[in-house]
There are 2 protein chains.
Amino acid sequence: MGKERVTVIDIARAAGVSKSTVSLVLQASPLVNEATRAKVNAAIRELGYVYNRGAANLRQSNAKSKIIGIVVNDLTNSFFAELAVGVDMVVQSAGYVQFLANTGESVDRQREVIASMREHGISGLILSPARGTEAADLKSLVASGIPVVNVVRQVAGAKVSSLVSDNHAGTREAVRHLAGLGHHRIAFLGGFPDTAVFHERLQGYRDALSDMDLAVHGELVISSAPSRAGGVAAIERALLLRERPTAAVCFNDAVAFGVCDGLRAHRLDPGEDFAVIGFDDVIEAQTAVPALTTISVDPQGMGRRAAQLLLKQINAGKADAEAIVSSVRLVVRQSCGAATDKRERLSLL
Amino acid sequence: MGKERVTVIDIARAAGVSKSTVSLVLQASPLVNEATRAKVNAAIRELGYVYNRGAANLRQSNAKSKIIGIVVNDLTNSFFAELAVGVDMVVQSAGYVQFLANTGESVDRQREVIASMREHGISGLILSPARGTEAADLKSLVASGIPVVNVVRQVAGAKVSSLVSDNHAGTREAVRHLAGLGHHRIAFLGGFPDTAVFHERLQGYRDALSDMDLAVHGELVISSAPSRAGGVAAIERALLLRERPTAAVCFNDAVAFGVCDGLRAHRLDPGEDFAVIGFDDVIEAQTAVPALTTISVDPQGMGRRAAQLLLKQINAGKADAEAIVSSVRLVVRQSCGAATDKRERLSLL
DNA sequence: TGACAACTTTGGAACGTTCCAATTATCTAA
DNA sequence: TTAGATAATTGGAACGTTCCAAAGTTGTCA
């Protein structure tokens, strides 16, 4: 069983050429004669040669390996899974390969995986930072000249490119839509208050309320884990209020689904008895019942754009950090009650 | 900044020792004196040295890199995302790093990513094969002595270890449970008929019907894509039958959620008007409304076990292939109507 | 004092590739 | 014919690490 590694020298011997020629063939150099190329390729297939990128990489000290790293803070959230798929698409078609790691929101783990990736000589990194990541954590990475693109979350003070969605505009539009439908008591549900994303989305919510001359009630802002379970918990608390809200803008789609679940558990019909709007537009949003009205972020598209940005920086050698705010749009489906004519029933209940 | 790579020789010079000594320190060898070790470590920190695994790996020809590859056929399915998280856990704590790629059910893509991983010198591979993968596709990989563990799906004739769930027993138990609740017309919904998993689950369904002396109606087996959308499509077709089923065992949880959506679109209440059982027990199964009765497979646990199996083989040098069938169990929640006492209402509607 | 063991340290070769400068073979134009 | 250009090939050095055999240090005991 092929214990011995087949090297470029074995190929050279088999094809009757020098190792240098084999190397040129491997790099698809135009310098080599067609006949020789064919001979060499035949030998390669014959002997089952496997290219050793480690060795190649060692020699071309500056030109980096064809690896790009992607580190996400919660792979079980389908938003990030789709983001990773988007990244994989463009990265792969550019001949790179993806190194994916999950930090589960742990900065320690994040430090470990990034260190490990550096040892393997990644040529770039796409990072959705764990909660609590600081600029100092990325310092040595950027100092070494490895391009980094932050996605979803920014890290204050870090000199890296970033690609985040327009959180402020997103919730703002959501609230305006709900207000336009006649809702006065609109809640903001879910999310951890110690993240920048939370504050941006909350601020959009507040600003929209002011714009529409609606009062801002602190009790209507209920934070929780940004997950389905967190959504259930948040709506539970909201329904305990003396004056219940009639609509909610949720931190993300996972929370929104949880809110729908929680409503149903109370025999309330999401989309009819209570309006719900999510954020992200994950793939299940359109097939769920009721279909979720949400702020579309297109995670796959975001992954693709992040990857393109990173590749651009890798090729440019040294581009300076750019911060891209990806625009979002409201996708109106059933869960906000606007698409159906059943809202009249509301008063009957 | 820091364009020049810091090497072991720079460290040696700075610490006033030889490169060999530095190497020993890096490997935490007990041979080196405490004082020297401290000096070297100080220099490492001082100069911001990054270990070059490529070079190390080149030298220790036989001992492999600390990379394990994981290739899944559909990362957007949260089952696989969780599987990957499970793998990551044990792999990471064993000091390995994970290379993750998504094939999106394409054998071509799968061939590419596996080739790429080999070039990077993975020391093992966990593979959930794309549909249509053949033993020949894995041949050269196993010939080169790289341990491979197949998960979820087997590849007929391939000499690799595998870890699959007990599909037959799973659906069998599900059908028995439904029959025990008094259902006679039980459908089998979703899944692609050209996979081994589909047949195993279908066979369990058929065998259970026979066991319970219920007739097997071909019309009640409706295949579709194994996704939420596929589930909607399948239940649509099922509801068009002259004699409708009253319960369904679904190919997986995604299909089951789709079935619930489809039922609601027809004003039927899953868990009350129609019993639904899924397969996999993805994380949303317990928080959904109604909570999904399902066959628990524990994707994270499966990932962990697969990783452990792989590491065992890597360490053993050359273990022979073992096929593990992971047992499953029925988790009864709301969607099958057994956990609630609302079934009596059914007749009132 | 010398012999021997235990502990530390070390220079060079090797891993598989790419790059460079140099070489050979082939062709073209004067 | 020859000089020069063009095309194709090549040997050796280099990349950053680990391994090996060998060599320095100490310390102990007769």
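Just so we're on the same page: letters track the sequence lines, and every chain starts at 1.
- Taking 4.0 angstrom as the limit, B:S18 places a side-chain polar atom (N or O) nearer than this to OP1 or OP2 of C:dT10.
- Residue B:T21 places at least one side-chain N or O closer than 4.0 Å to OP1 or OP2 of C:dT10.
- Distance B:L47 CG to D:dG16 C1': 15 Å, rounded to the nearest Å.
- The listed nucleotides are D:dA8, D:dT18, C:dC19; the one nearest the side chain of B:Q60 is D:dT18.
- Proximity of A:T36 to the phosphate of D:dT9: a side-chain N or O atom is located under 4.0 Å from OP1 or OP2.
- The distance from atom CD1 of A:I9 to atom P of C:dT17 is 8 Å, rounded to the nearest whole Å.
- Rounding to whole angstrom units, CZ of residue A:R53 and P of D:dG16 are separated by 19 Å.
- In this structure, A:T7 does not reach the C:dG16 phosphate: none of its side-chain N or O atoms is under 4.0 Å from OP1 or OP2.
- Each of B:A55 and B:N33 has a nearest nucleotide on DNA chain C; the 5'-most of these lies closest to B:N33.
- One finds no salt bridge joining A:E46 and A:R13 here, because no Lys/Arg side-chain nitrogen approaches an Asp/Glu carboxylate oxygen to under 4.0 Å.
- Ranked by how close their nearest DNA chain C nucleotide is to the 5' end, A:V22 and B:L31 are led by B:L31.
- The interatomic distance linking A:I44 (CD1) with C:dG16 (P) rounds to 16 Å, in whole Å.
- Remark: B:E112 does not engage B:R118 in a salt bridge, criterion side-chain N to carboxylate O under 4.0 Å.
- If you measure from atom CG of B:N57 to atom P of D:dT18, you get 11 Å, rounded to the nearest angstrom.
- Look at B:K312 and B:E322 and you find a salt bridge, because one of the NZ, NE, NH1 or NH2 atoms lies within 4.0 Å of a carboxylate O, short of that distance.
- Out of D:dA14, D:dG16, D:dT10, the shortest distance to the side chain of A:R59 is found at D:dA14.
- Taking atom NZ of B:K19 as the reference point, atom C1' of C:dT9 lies 12 Å away to the nearest angstrom.
- C:dT18 atom P lies 9 Å from atom CG of A:L24, rounded to whole Å.
- Taking every side-chain heavy atom of A:Y49 into account, C:dT17 is the closest of D:dT10, C:dT17, D:dT18.
- Comparing atom distances between the A:L58 side chain and each of D:dG11, D:dC15, D:dC19 picks out D:dC15 as nearest.
- A parallel orientation is assigned to the rings of B:F99 and A:F99, their planes being inclined by less than 30° (bins at 30° and 60°).
- Here the straight-line distance linking atom CD1 of A:I146 with atom CD1 of A:I314 works out to 9.5 Å at 0.5 Å rounding.
- Toward the 5' end of DNA chain D, the nearer of the two residues A:E34 and A:S20, judged by each one's closest nucleotide, is A:E34.
- Nearest nucleotide to the B:V8 side chain, out of D:dG12, D:dT9, D:dT17: D:dT17.
- Candidate nucleotides D:dT18, C:dT10, D:dG16 were compared by shortest atom distance to the side chain of B:Q27, and D:dT18 ranks first.
- When rounded to the nearest whole Å, the span between CZ of A:R13 and C1' of D:dT10 equals 16 Å.
- Using a cut-off of 4.0 Å between Lys/Arg side-chain N and Asp/Glu carboxylate O, B:E34 and B:R37 are scored as salt-bridged.
- In terms of phosphate contacts, A:S23 brings a side-chain nitrogen or oxygen within less than 4.0 Å of OP1 or OP2 of C:dT18.
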